[in-house]
Peer 1: 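So that we are looking at the same thing, I have put the structure below in structure tokens.
Residue numbers run from 1 in the order of the sequence given. Both backbone and side-chain heavy atoms feed into the values below; hydrogens, waters and symmetry mates do not.
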Amino acid sequence: MSSRQGGRNAGYGLYLIPGVLASLAVIVVPLIMTVGVSFTKWNGIGEAKWIGVDNYTRLFADDLFWASFGHILLLIVAMAIIPTFFGLVMAAVLFDYVAKVLGERWAKLFRSGFYLPQVLPVAVTGIIWVWILHPSFGALNRILDTVGLGSLSRDWLGNPDYALFSVMGVMIWFQFGYPIVMFMSGLQRVDPELYEAAALDGAGWWSRFRHITVRMIRPELYVVLVTTTIAALKIFGQVFVLTGGGPSNATLVPSYFAYKNFFEKAQVGYGSAISTVLTVMIVILAIVFLRLQNRQESRS
């Protein structure tokens with residue numbers, strides 16, 4: 001019987017072959033090629049010249065490279081930390097109050113509304129925000145003028161002092177719905193009797209939120225933090241549409257820095273070195289998060 005089951009299970013491996021081949025073609029092979037090219041000087045045409053670790057030596061001495069990672073730290077705050085915290089609170093509010101007072105349909109409607117930016121094309125949302133933040137005819141400055149706060153009007157995306165913070169604001173809006181969906185899904189498996197027992201003991205909403213909600217959905221919390229942090233590290237499309245890395249490199253990020261060296265400067269080897277370092281950082285970060293999650297689960 002066991003050998004017969006083993007034969008049937010072995011047949012399932014055939015269905016994995018297309019996915020494995022696709023992963024090799026789309027992920028593994030390009031990654032290996034990128035790492036190899038990072039040790040060369042190449043403009044994308046003709047023969048590449050082997051230069052060893054010169055690209056990496058240049059990279060770690062490049063002020064723009066370090067500045068781009070400084071910008072990424074702020075974007076991690078905007079895309080991971082702030083949306084995760086407020087998304088957790090909002091998910092608890094929708095689950096505890098909106099669903100019970102207004103009904104499940106309204107809670108699902110709000111959840112879908114918050115998640116909508118995630119499913120809209122990046123180019124579309126980026127162009128809309130460029131219109132909103134335009135210094136002359138943008139909706140934000142018009143509203144400020146209308147309510148008598150015209151002195152607060154700014155060139156939000158064109159001034160180096162405000163451009164990065166404007167991008168952060170857009171990314172908070174863009175990322176906010178994802179944690180809500182994840183946490184509301186996790187709250188579905190929490191035993192309602194835990195909340196009822198805590199309420200009978202006199203625990204308020206905030207106390208129940210801290211001691212029950214946060215503890216019970218830790219797996220979802222780790223998933224959200226990992227995925228949003230990785231998304232912040234490899235952000236490209238939004239920066240490309242909103243600012244193009246400017247003004248004066250004020251919103252430059254590693255992925256866009258690699259793009260500029262690849263396609264605008266034709267320094268393919270140097271761009272590959274940037275991409276390789278970024279990939280290594282993402283892999284290390286994912287491993288650290290997974291180990292922390294496994295350690296936490298083993299303790300509990």
Side-chain angles (χ1 to χ4, degrees), residues 20-81 122-123 126 160 163-164 167-168 171 175 225-292:
V20 171
L21 292 177
S23 297
L24 287 172
V26 177
I27 299 175
V28 178
V29 173
L31 177 61
I32 294 174
M33 293 176 64
T34 300
V35 174
V37 172
S38 70
F39 294 102
T40 66
K41 183 178 181 180
W42 188 39
N43 62 3
I45 302 175
E47 186 176 352
K49 178 183 178 182
W50 181 267
I51 58 173
V53 296
D54 287 359
N55 283 326
Y56 292 95
T57 303
R58 172 188 170 189
L59 181 65
F60 291 119
D62 193 333
D63 291 338
L64 279 179
F65 173 75
W66 293 111
S68 68
F69 271 101
H71 301 156
I72 279 294
L73 294 178
L74 290 175
L75 286 171
I76 288 175
V77 173
M79 295 181 64
I81 297 176
V122 171
L164 182 59
V167 173
M168 289 173 63
M171 295 315 302
Q175 203 73 16
L225 284 173
V226 170
T227 52
T228 53
T229 301
I230 291 175
L233 284 172
K234 61 185 184 69
I235 181 175
F236 174 81
Q238 294 86 351
V239 171
F240 179 82
V241 176
L242 289 170
T243 63
S248 303
N249 296 315
T251 59
L252 187 67
V253 292
S255 59
Y256 193 79
F257 189 35
Y259 166 84
K260 289 182 66 175
N261 281 280
F262 263 109
F263 299 105
E264 295 182 9
K265 299 180 180 180
Q267 298 178 358
V268 179
Y270 191 52
S272 298
I274 300 170
S275 300
T276 301
V277 171
L278 183 60
T279 301
V280 170
M281 290 186 63
I282 291 173
V283 171
I284 292 174
L285 184 66
I287 292 173
V288 170
F289 267 109
L290 290 173
R291 287 191 174 182
L292 288 174

Peer 1: Residues two or more places apart in sequence or in another chain: which of them pass side-chain contact (heavy atoms from CB on, under 4.5 Å) with T40?
Peer 2: V37, W42, A48, W50
Peer 1: Spell out, as yes or no, whether a donor-acceptor pair under 3.5 Å connects the side chain of H71 to the backbone of L252.
Peer 2: yes
Peer 1: Ignoring hydrogens, what is the shortest heavy-atom contact between P30 and V26? Give both atom names and the distance.
Peer 2: CG-O, 3.3 Å
Peer 1: Quick one: do F39 and I51 satisfy side chain to side chain contact (heavy atoms under 4.5 Å, CB included)? Show the steps, please.
Peer 2: CA-CA 6 Å; F39 294 102; I51 58 173; 5.9 Å; no
Peer 1: How many angstroms lie between OG1 in T227 and CZ in F289, if you round to the nearest 0.5 Å?
Peer 2: 9.5 Å
Peer 1: For G126 versus L242, what's the shortest heavy-atom pair and its separation?
Peer 2: O-CD2, 3.6 Å
Peer 1: Any chance you could measure L285, atom CG, to L225, atom CG, to the nearest 0.5 Å?
Peer 2: 10.0 Å
Peer 1: Sequence neighbours left out, what passes side-chain contact (heavy atoms from CB on, under 4.5 Å) with P247? Give chain and number order.
Peer 2: P160, A163, A250
Peer 1: Is the distance from the ring center of F262 to that of Y259 below 6.0 Å?
Peer 2: no
Peer 1: Are I284 and V280 packed together at the side-chain level, in the sense that at least one heavy-atom pair is separated by less than 4.5 angstrom?
Peer 2: yes
Peer 1: Tell me whether N55 contacts the main-chain N or O of S38 through its side chain, where contact means a donor paired with an acceptor under 3.5 Å.
Peer 2: yes
Peer 1: With no hydrogens and no angle check, is any side-chain donor or acceptor of Y256 less than 3.5 Å from a backbone partner on V239?
Peer 2: no
Peer 1: What are the two closest heavy atoms between V268 and G44, and how far apart are they?
Peer 2: CG2-N, 3.6 Å
Peer 1: Quick one: closest heavy-atom pair of L74 and M168, and the distance?
Peer 2: O-CE, 3.4 Å
Peer 1: Run the side chain to side chain contact (heavy atoms under 4.5 Å, CB included) check on F240 and V122 step by step: do they pass?
Peer 2: CA-CA 10 Å; F240 179 82; V122 171; over 6 Å; no
Peer 1: Any idea which heavy atoms bring A232 and I72 closest together, and the distance?
Peer 2: O-CD1, 3.0 Å
Peer 1: Which pair of non-hydrogen atoms, one from I274 and one from A258, has the smallest distance, and what is that distance?
Peer 2: CG2-CB, 3.8 Å
Peer 1: Measuring from atom CG of L233 to atom CE of M79, what distance do you get when rounded to the nearest 0.5 angstrom?
Peer 2: 9.5 Å
Peer 1: Mind telling me whether F257 and Y270 have parallel, tilted or perpendicular rings, with 30° and 60° as the class edges?
Peer 2: perpendicular
Peer 1: Which residue pairs satisfy the side-chain hydrogen bond (donor to acceptor under 3.5 Å, both in side chains) criterion with at least one member in residues 229-253, sequence neighbours excluded?
Peer 2: T243-T251
Peer 1: Find out whether Q267 and N43 are in side-chain contact, i.e. whether some heavy atom of one side chain is under 4.5 Å from a heavy atom of the other.
Peer 2: no
